[in-house]
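What follows is one structure encoded as structure tokens, with my remarks underneath.
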Amino acid sequence: MIDTSKVLGHCLAKVTKTGSRIQGRIPYRTFDGRFDDWTDKDIAWWTNGFWPGLLWLAHGQTKDDRLATWAKESETHLDRALYDFFELHHDVGFMWHISSVARYKLEHNKDSLRRGMIAASVLASRFNLAGRYIRAWNNWDIPGKEKGVQVKWAIIDCLMNLPLLYWASEESKDPRFSQIAIAHTETVLKNFIHPDGSSRHIVEFDPVTGAYVRCHFGQGYADDSAWSRGCSWLVHGMTLGAKYTGRADFLAAAEHAARFFIENLPEDQVPWSDFKAPAKDQFKDSSAAAIAASGILTLAELVPASRKAYYVDAARRMLTSLATNYLAPESDEALLLHGSVLYHVKEPKDKDTSLIYGDYYFVEALIKLQGGQGLF
Ligand code: GLY
């Protein structure tokens with residue numbers, strides 16, 4: 001079984017070493033062992049909060065001030081996205097909750113508060129009242145796409161953005177933000193979850209009447225399959241919904257999703273890219289294991305004592321496998337190997353890559369396994 005403090009120590013040392021090179025520049029994936037840089041490439045890209053988030057997680061452990069300095073530098077870069085209405089999307093929670101809100105909770109500084117509240121307002125403004133869903137992406141000018149197609153879509157990943165809304169309500173004492181988060185989560189309960197506890201990726205609604213139209217495969221194998229990272233977003237996101245609201249139906253759904261995830265893992269405890277794709281066409285997604293393990297450790301804190309060990313043991317098995325079979329070599333800047341971006345890959349590297357969010361959730365899960373807290 002995993003020696004948590006040794007693996008966490010290795011990760012913290014590596015994040016610090018990588019930070020010495022890239023500082024507040026913003027990485028997404030590694031190429032030949034070095035992180036790329038999205039600071040000037042696409043500052044609104046949904047993964048751009050994970051580096052400052054990882055730095056804040058590491059800073060919480062090591063208290064190394066350089067990590068805080070680099071996290072603040074990244075946060076400042078993100079300002080260019082915060083004021084670009086045409087580029088911003090629903091993933092503002094991934095971007096600002098673990099950068100600005102994380103910093104604000106430590107420093108109570110007004111700039112981070114302002115960023116967090118603007119991001120929450122952007123997220124809340126995407127709520128469709130008829131369908132009670134937060135719309136996902138943008139389509140101001142996508143060649144070949146039907147105009148307006150994306151106003152119809154909600155995606156499972158969005159559950160992870162909702163802690164930003166719960167925080168905004170708490171901070172402002174304005175319940176509207178959490179009302180929207182709860183309404184969106186109720187829509188997920190009704191429309192996203194298969195009877196076995198796995199998740200759809202995209203659900204399409206009629207944006208005028210709010211009626212359910214159909215589901216789409218998105219980043220998974222088929223419309224009604226179970227993309228493993230989508231399933232991990234459901235496990236983790238529904239758990240956070242239960243944590244912030246105390247709602248029993250959210251907790252029951254989180255447990256259902258977690259049981260599906262745990263009981264359908266292959267022997268090495270790291271899922272294939274889609275739980276329901278043909279075995280011959282599969283590849284791994286280490287990020288899904290890290291996201292689920294971190295969520296399951298929070299779930300273990302919410303369930304009755306009699307069920308806690310089931311979840312802690314499952315998360316520990318996943319983290320043990322990640323630490324044993326998926327760690328990147330010392331020469332590589334990433335922590336984890338063998339993540340995948342989506343099932344129907346656009347380029348070969350999408351099948352087997354290191355991903356900054358896989359690293360973020362791996363470290364967050366290790367911290368939780370030691371009794372600490374994550375940032376969501
Ligand atoms: N939020 C998109 C993904 O998980 O790849």
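In this structure, OG in Ser125 is found 9.5 Å from CG in Leu88, a value given to the nearest 0.5 Å. Here the CD-CZ distance, from Glu75 to Arg103, works out to 4.5 Å after rounding to the nearest 0.5 Å. Atom-to-atom distance recorded for His97:NE2 and Met160:CE is 9.5 Å, nearest 0.5 angstrom. Once rounded to the nearest 0.5 Å, the distance linking CD of Glu204 with CH2 of Trp153 reads 7.5 Å.
Look at Lys190 and Glu186 and you find no salt bridge, because none of the NZ, NE, NH1 or NH2 atoms lies under 4.0 Å from a carboxylate O.
A donor-acceptor pair under 3.5 Å is formed between the side chain of Ser228 and the backbone N or O of Ser273. Side-chain N or O atoms of Asp350 include one that pairs as donor or acceptor with a backbone N or O of Glu347 at under 3.5 Å. At distances below 3.5 Å, not a single donor-acceptor pair connects side-chain atoms of Thr30 with backbone N or O atoms of Phe35. Between the Glu87 side chain and the Ala81 main chain, no donor and acceptor come within less than 3.5 Å of each other. A side-chain donor-acceptor contact under 3.5 Å links Arg80 to the backbone of Thr39. Distance alone, capped at 3.5 Å, is enough to place a donor-acceptor pair between the Asp274 side chain and the Ala226 backbone. Side-chain atoms of His338 do not come within 3.5 Å of backbone N or O of Lys284 as any donor-acceptor pair. Side chain of Asp223 to backbone of Phe217: a donor-acceptor contact under 3.5 angstrom is found. Side-chain atoms of Ser112 never come within 3.5 Å of backbone atoms of His108 as a donor-acceptor pair (strictly under, hydrogens ignored). Listed for the Ser74 side chain is a donor-acceptor partner under 3.5 Å among the backbone atoms of Gly24.
The nearest pair of heavy atoms linking His236 to Gly295 is ND1-N, 3.3 Å. The minimum heavy-atom distance linking Gln269 with Ala289 is given by the pair O-CB, 4.3 Å. Closest non-hydrogen pair, Lys14 versus Ala328, comes out as NZ-O, 3.5 Å. Thr239 and Ala254 get closest at one heavy-atom pair: OG1-CB, 3.5 Å.
Judged by distance alone, the side chains of Arg115 and Asn109 never bring a donor and an acceptor atom under 3.5 Å apart. Side-chain polar atoms of Lys276 and Ser198 form a donor-acceptor pair below 3.5 angstrom. Between the side chains of Thr187 and Asn191, no donor N or O sits under 3.5 Å from an acceptor N or O.
Inter-residue side-chain proximity for Tyr166 and Lys243 is flagged as unmet; no heavy-atom pair is nearer than 4.5 Å.
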Please test Phe260 against His194 for ring pair (Phe, Tyr, Trp, His ring centres under 6.0 Å), starting from the C-alpha separation and ending with a verdict.
CA-CA 10 Å; Phe260 171 85; His194 292 128; 8.4 Å; no
Show your reasoning for whether ring pair (Phe, Tyr, Trp, His ring centres under 6.0 Å) applies to Trp233 and Phe94.
CA-CA 12 Å; Trp233 292 138; Phe94 283 124; 5.0 Å; yes
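Remark: aromatic rings of Tyr361 and Phe50 are close, center separation under 6.0 Å. Checked against the 6.0 Å centroid criterion, the rings of Phe275 and Tyr221 do not qualify as a close aromatic pair. Taking the six-membered ring wherever Trp is involved, the centroid distance between the rings of Tyr357 and Trp46 falls below 6.0 Å.
A side-chain contact (heavy atoms from CB on, under 4.5 Å) with Ile155 is found for exactly one of His216, Arg200, Arg135, His201, namely His201.
In this structure, Glu107 places its CD atom where more than 12 heavy-atom neighbours from other residues, nucleotides or ligands lie under 6.0 Å away.
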